[in-house]
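Worth knowing before you read on, the calculation uses all heavy atoms, side chains too, and leaves out hydrogens, waters and symmetry mates. Sequence positions, counted from 1, serve as the residue numbers for this chain. In listed order, ligands and their atoms are each counted from 1.
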Amino acid sequence: MLADIVEHLICPVCGDGLALGERALGCPRGHAFDLARQGYVSLLTGSQAPGTADSAAMVAARADFLGAGHFAPLADAVADACHTAPRAGKVIADAGAGTGYYLARVLDRLPYAAGIALDVSKHAARRAARAHARLGAVVADVWRPLPLRGGSVDVLLNVFAPRNGAEFARVLRRDGTLVVVTPTPRHLEPLVERLGLLSVDESKERRMAESLSGHFTETGRRTYEFPMALDRAAVEAVVGMGPSAWHTESDDIRRKITELAESSEVTASFHLSTFESRS
Ligand SMILES: C[S@@+](CC[C@H](N)C(=O)[O-])C[C@H]1O[C@@H](n2cnc3c(N)ncnc32)[C@H](O)[C@@H]1O
Ligand SMILES: [Zn+2]
């Protein structure tokens, strides 16, 4: 709930603290942000959300796919990484949290922690708000100043989502940990080729290292790989929640899915890296 995390939030207009009222979050200077009926708050200011926000359909596909447990081994690995972080601590934030699936698994393992789910998609925030009792969901853009107090976060998660090294470093405590998950080029083999999906950009890894290197030092890195048996509905969900959902040729992809066998063996393959701030 927002009550668990409001002390860590700041007003996106003036940077002052925020307090939780009956219907809105407000700062001492009178800036107010309505609470959504579904329990989240939008701290976006000015114009619209960037075009990278997941749509309602993408978020629904993601919720279906994750809910079926296909990425459960990854959720365990993320929870392990948070649990064993030098400062597992009390405040866990997730930048680009989506449905809140990973953050909820982390909170299950850390009974005294509260979770802050940040995502620019209100459809995602709506789901995240229901993902765990100790989780508060906030609509915010990773490319703008995050609405979080400096040094307020013990562990920051970032799973398949955009990274803002400077802001991540500002909101993390000095001895805090950043946990980043990215897909490897083998992720979703052989579907990528068979369906003509957008593949993982090989230069993505390098860009990630560059975007964080000025602010963070990598302290650990592991690769997780496991097979998944996916029926056609699960294949449709994994396609619908990913970058290919933006693809103009989605009709063609849908047709190819109907031609797949009843069950396909698909590889899940991720890098999980931990970083600490450079001070
Ligand atoms: C591939 S999804 C991953 C979601 C979640 N971490 C997971 O793995 O289930 C990427 C998420 O980042 C969000 N996103 C995209 N651009 C963003 C931005 N500029 N600021 C915050 N979130 C953003 C999308 O709305 C989407 O929920
Ligand atoms: Zn204010």
Side-chain angles (χ1 to χ4, degrees), residues 9-19 24-33 40-45 47-72 74-75 77-78 92-106 115-129 131 135 137-149 156-164 167-168 171 179-183 187-188 197-198 200 204 211 224 237-246 268 270 272:
L9 301 179
I10 56 173
C11 172
V13 180
C14 68
D16 221 327
L18 287 170
L25 288 186
C27 80
R29 298 184 200 208
H31 303 122
F33 305 89
Y40 68 90
V41 68
S42 173
L43 296 180
L44 277 182
T45 53
S47 52
Q48 298 158 332
T52 54
D54 272 14
S55 64
M58 290 170 79
V59 172
R62 179 169 297 277
D64 281 351
F65 189 82
L66 295 175
H70 298 298
F71 283 176
L74 176 63
V78 170
I92 319 294
D94 187 345
T99 62
Y101 173 73
Y102 297 98
L103 185 54
R105 299 290 77 77
V106 170
I116 307 171
L118 303 169
D119 201 288
V120 80
S121 160
K122 68 176 184 200
H123 307 289
R126 203 174 279 175
R127 299 255 181 184
L135 185 158
V138 176
V139 179
D141 183 355
V142 161
W143 296 123
R144 297 211 238 152
L146 295 174
L148 296 177
R149 289 184 192 279
L156 181 60
L157 290 181
N158 180 258
V159 184
F160 302 135
R163 288 168 283 276
N164 179 340
E167 274 298 288
F168 286 7
V171 302
V179 176
V180 177
V181 176
T182 52
H187 187 51
L188 299 185
L197 305 181
L198 297 178
V200 171
K204 211 169 182 173
S211 71
Y224 292 86
V238 82
V239 172
M241 74 192 214
S244 296
W246 304 109
F270 318 92
L272 187 155

From the options [options], select the one whose nearest heavy atom is closest to [atom].
atom                    : options             : result
atom 3 (C) of ligand 1  : V78, V139, V159     : V159
atom 5 (C) of ligand 1  : S55, A75, A125, G96 : G96
atom 23 (C) of ligand 1 : V120, V59, L66      : V120

Legend entry - Proximity of F270 and F160 rings by center, below 6.0 Å: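 Aromatic pair counts; centres sit under 6.0 Å.
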
Inset, instruction - Please calculate the SG(C27)-the Zn ion (ligand 2)-SG(C11) angle and round it to 10 degrees. - result: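 Vertex the Zn ion (ligand 2), arms to SG of C27 and SG of C11: 120°.
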
Considering only heavy atoms of [X], which atoms of ligand 1 have at least one such atom less than 4.0 Å away?
X    : result
A140 : 20 (N), 21 (C)
A97  : 5 (C), 6 (N)
W143 : 19 (N)
A53  : 25 (O)
S121 : 25 (O)
D141 : 18 (C), 19 (N), 20 (N)

How long is the gap from [atom1] on [X] to [atom2] on [Y], to the nearest 0.5 Å?
X    : Y    : atom1 : atom2 : answer
H31  : C14  : NE2   : SG    : 5.5 Å
L156 : R163 : CG    : CZ    : 11.0 Å
L135 : D94  : CG    : CG    : 8.5 Å
Y40  : R127 : OH    : CZ    : 12.5 Å
D119 : T52  : CG    : OG1   : 9.0 Å
L44  : R144 : CG    : CZ    : 6.0 Å

Legend entry - Full working for side-chain contact (heavy atoms from CB on, under 4.5 Å) between L148 and L9: CA-CA 5 Å; L148 296 177; L9 301 179; 3.6 Å; yes

Answer yes or no: does an N/O atom from [X] fall short of 3.5 Å to an N/O atom of ligand 1?
X    : value
T99  : no
V142 : yes
L118 : no
D54  : yes

Which residue and non-hydrogen atom of the protein lie closest to [atom], and at what distance in Å?
atom                    : result
atom 15 (C) of ligand 1 : T52 O, 3.3 Å
atom 8 (O) of ligand 1  : Y102 CE1, 3.2 Å
atom 10 (C) of ligand 1 : F160 O, 3.3 Å
atom 11 (C) of ligand 1 : D119 OD2, 3.7 Å

Inset, instruction - Of all N, O or S atoms in H31, identify the one at the shortest distance from the Zn ion (ligand 2). - result: ND1

Inset, instruction - Would you please classify the geometry between the H187 ring and the F71 ring as parallel, tilted or perpendicular, with 30° and 60° separating the classes? - result: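 Answer is tilted, since the angle falls between 30° and 60°.
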
Legend entry - Side chain, backbone, both or neither: the part of R62 lying under 4.0 Å from ligand 1 by heavy atom: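 R62 to ligand 1: side-chain contact only, backbone stays beyond 4.0 Å.
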
